[in-house]
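Before any comments, here is the structure.
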Amino acid sequence: MKTYFMVQEKIRPTWIHEMVVKANEFEQCQIFFECNTLRINAKSHLSMSLLNGMQGVCCVSATGEDSRGAVDALRSLGTGTLS
C-alpha cells in the first residue's frame, strides 16, 4: 500500500514526532516514508529526524496487517498543518 502527498511547509520536529508516534501505533506493519531521495523507517525518531526542514512530495508505504489504515493515518497527519 502506498500514497503520495505534498508537504508545502518545511517539516518541523513536532510534526516528525507526531508521525513517529502514529506509525508506532501500527505494530504489525512495516512503514516507510520517502521524501526527495530519502527512504526511511517511519517508526524511527532518528531516521525521521533526517526530514527536518524538508518539503515537497512525500510518499508513505506500508506492508503487513492494516497497511491501509497505517497509510491513511499517516497521510492524514502529513497533509495537516505543520506545528
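Computed from a prediction, not measured in an experiment: that's the story for all the values here.
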- prompt: Under the 6.0 Å and 45° cation-pi test, does R39 pair with F32?
  reply: yes
field: Any pair counted as salt bridge (charged side-chain N to carboxylate O under 4.0 Å, His left out), so long as it reaches residues 58-69, sequence neighbours left out
entry: none
Counterpart residues, side chain to side chain donor-acceptor pair (under 3.5 Å), relative to S61 (two or more places apart): none
- line: Taken in chain and number order and not counting sequence neighbours, the residues that satisfy side chain to side chain donor-acceptor pair (under 3.5 Å) with T63 are none
field: Transitive ILVMFWY cluster of Y4, excluding itself - 4.5 Å side-chain cut-off
entry: M6, V57
message: Quick one: does any side-chain atom of Q55 pair with a main-chain N or O of E9 as donor and acceptor, under 3.5 Å?
response: no
field: D72 CG to L77 CG distance, which is reported to the nearest 0.5 Å
entry: 11.5 Å
Using atom types as modelled, flag every donor-acceptor pair under 3.5 Å from a side chain in residues 44-53 to any protein atom, sequence neighbours excluded.
from, atom 1, to, atom 2, distance (Å)
S44, OG, L46, N, 3.4
S44, OG, S47, N, 3.1
S44, OG, S47, OG, 3.3
S49, OG, L46, O, 2.6

task: Among residues two or more places apart or on two chains, list those pairs meeting salt bridge (charged side-chain N to carboxylate O under 4.0 Å, His left out) that have a residue in residues 20-33.
output: K22-E25
- line: On a heavy-atom basis, the closest approach of S67 and A62 is CB-O, 3.6 Å
- request: Heavy atoms only: give me the nearest G64-C29 pair and the separation to one decimal.
  value: C-SG, 4.2 Å
query: For S76, which residues count as a side chain to side chain donor-acceptor pair (under 3.5 Å) partner, sequence neighbours excluded?
result: none
query: Nearest heavy-atom pair of A23 and I31: which atoms, and what distance?
result: O-CD1, 3.6 Å
task: Tell me, please, which residues at least two apart from K43 pass salt bridge (Lys or Arg N to Asp or Glu O under 4.0 Å).
output: none
message: Looking at every heavy atom in both G78 and F5, which two are closest together, and how far apart are they?
response: CA-CE1, 3.5 Å
Steps toward side chain to side chain contact (heavy atoms under 4.5 Å, CB included) verdict (L38, M54): CA-CA 11 Å; L38 291 175; M54 288 189 173; 3.4 Å; yes
